[in-house]
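As structure tokens, the structure follows; a few thoughts come after it.
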Amino acid sequence: MNFALLLLLAASGSIVLTDDVYQIPAGGWRWVRFEIHQRPATVECRFETVGGGEAHAELVSRPELELIHQHKIHDALASTDTARTGAFSQYIRDPDESAVVIENPGSSPVAARLTVALSFGPPRQPASRYLSRDRRLAVILVSFVMFFAIVTFSARALLRAMKKP
């Protein structure tokens with residue numbers, strides 16, 4: 001029955017696998033497992049922490065999920081930064097069993113609203129991505145420092161050239 005419903009929804013172009021709030025213990029994680037059968041799909045994941053704290057989401061294949069269970073180093077097909085909100089979209093061409101893992105790297109429990117959806121059909125155009133607020137600030141500060149260093153160096157060289165007879 002569930003498989004027939006999944007096929008019917010897949011024919012419509014998009015299905016939402018989960019749109020729930022997950023309680024994630026400190027240093028713990030939760031996952032949403034799914035299979036992509038005959039047609040390629042785009043996995044769309046979005047999360048937002050509720051009431052503070054930060055989380056990290058990853059899309060992993062079945063073997064990589066087993067490595068996570070064993071607390072070993074693993075590879076992710078797509079991931080987010082550790083933040084209060086995050087999102088990714090990943091096109092999967094080949095049939096496979098995968099999972100979206102949401103992790104709490106902090107030292108206190110976190111509640112996070114996780115939305116995972118599958119869209120069937122050709123991949124969408126890539127969405128624009130923005131740097132986090134901290135990285136934008138770092139880029140601006142480094143740019144200012146470099147700009148003023150170049151201006152200072154040039155001004156000193158020009159002043160020395162003007163003083164020479």
Side-chain angles (χ1 to χ4, degrees), residues 1-140:
M1 177 71 172
N2 289 338
F3 182 70
L5 180 60
L6 183 62
L7 287 177
L8 180 63
L9 291 171
S12 69
S14 181
I15 59 171
V16 175
L17 299 174
T18 188
D19 187 12
D20 290 322
V21 175
Y22 289 83
Q23 301 295 327
I24 309 166
W29 49 277
R30 299 285 184 254
W31 72 94
V32 176
R33 201 182 294 181
F34 58 91
E35 284 188 51
I36 297 175
H37 291 285
Q38 298 169 1
R39 297 180 10 187
T42 301
V43 179
E44 297 173 7
C45 172
R46 185 175 66 251
F47 76 87
E48 180 177 359
T49 59
V50 180
E54 294 183 335
H56 166 80
E58 296 181 335
L59 173 64
V60 296
S61 63
R62 169 81 175 168
E64 300 302 319
L65 183 61
E66 294 303 322
L67 291 175
I68 293 172
H69 278 292
Q70 298 167 10
H71 303 288
K72 293 183 178 178
I73 296 174
H74 62 280
D75 290 324
L77 300 171
S79 65
T80 66
D81 290 331
T82 300
R84 292 179 55 93
T85 64
F88 63 77
S89 180
Q90 180 68 38
Y91 183 70
I92 299 178
R93 181 181 310 269
D94 300 321
D96 193 12
E97 184 175 352
S98 303
V100 171
V101 176
I102 185 160
E103 178 184 13
N104 173 9
S107 58
S108 60
V110 168
R113 176 175 274 309
L114 176 65
T115 304
V116 179
L118 296 178
S119 299
F120 297 93
R124 297 180 183 172
Q125 292 295 327
S128 298
R129 294 185 64 190
Y130 297 98
L131 293 174
S132 68
R133 186 172 162 256
D134 293 338
R135 287 187 181 182
R136 283 185 291 203
L137 181 60
V139 167
I140 291 169

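Listed here is the closest heavy atom pair of Val21 and Ala111: CG1-CB, 4.0 Å. Here the shortest heavy-atom pairing between Ala78 and Gln90 reads CB-OE1, 3.8 Å. Between Ala26 and Ser108 the shortest heavy-atom distance is CB-N, 3.6 Å. Summarising the geometry of Asn104 relative to Pro25, their closest heavy-atom pair is ND2-O, 3.2 Å, with the distance given to 0.1 Å. The minimum heavy-atom distance between Ile102 and Ala112, with the atom names listed, is CD1-CB, 3.8 Å.
The closest side-chain heavy-atom distance from Thr85 to Thr49 is not below 4.5 Å. Between Glu44 and Ser89 there is a side-chain heavy-atom pair separated by less than 4.5 Å.
Once rounded to the nearest 0.5 Å, the distance linking OG of Ser98 with CD1 of Ile92 reads 4.0 Å. Between the CZ atom in Arg93 and the CZ atom in Arg39 there is a gap of 14.5 Å [rounded to 0.5 Å]. Between atom CD1 of residue Ile15 and atom CZ of residue Phe120 there is a gap of 4.5 Å, rounded to the nearest 0.5 Å. Within the model, atoms CD1 of Ile24 and CG of Leu114 stand 8.0 Å from one another, a figure rounded to the nearest 0.5 Å.
Taking Ala57 as the reference, Cys45, Phe47, Thr80, Phe88 meet the side-chain contact (heavy atoms from CB on, under 4.5 Å) condition, with sequence neighbours excluded.
In this structure, Arg135 places its CZ atom where only 12 or fewer heavy-atom neighbours from other residues, nucleotides or ligands lie under 6.0 Å away.
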Return a table of donor-acceptor pairs under 3.5 angstrom between the side chains of residues 58-67 and protein atoms on other chains or two or more places apart.
residue: Glu58; atom: OE1; partner: His74; partner atom: NE2; Å: 2.7
residue: Glu58; atom: OE2; partner: His56; partner atom: NE2; Å: 3.1
residue: Glu64; atom: OE1; partner: Asp75; partner atom: N; Å: 2.8

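Residue pairs meeting the side-chain hydrogen bond (donor to acceptor under 3.5 Å, both in side chains) criterion with at least one member in residues 19-32, sequence neighbours excluded, are Thr18-Asp20, Thr18-Tyr22, Asp19-Arg113, Asp19-Thr115.
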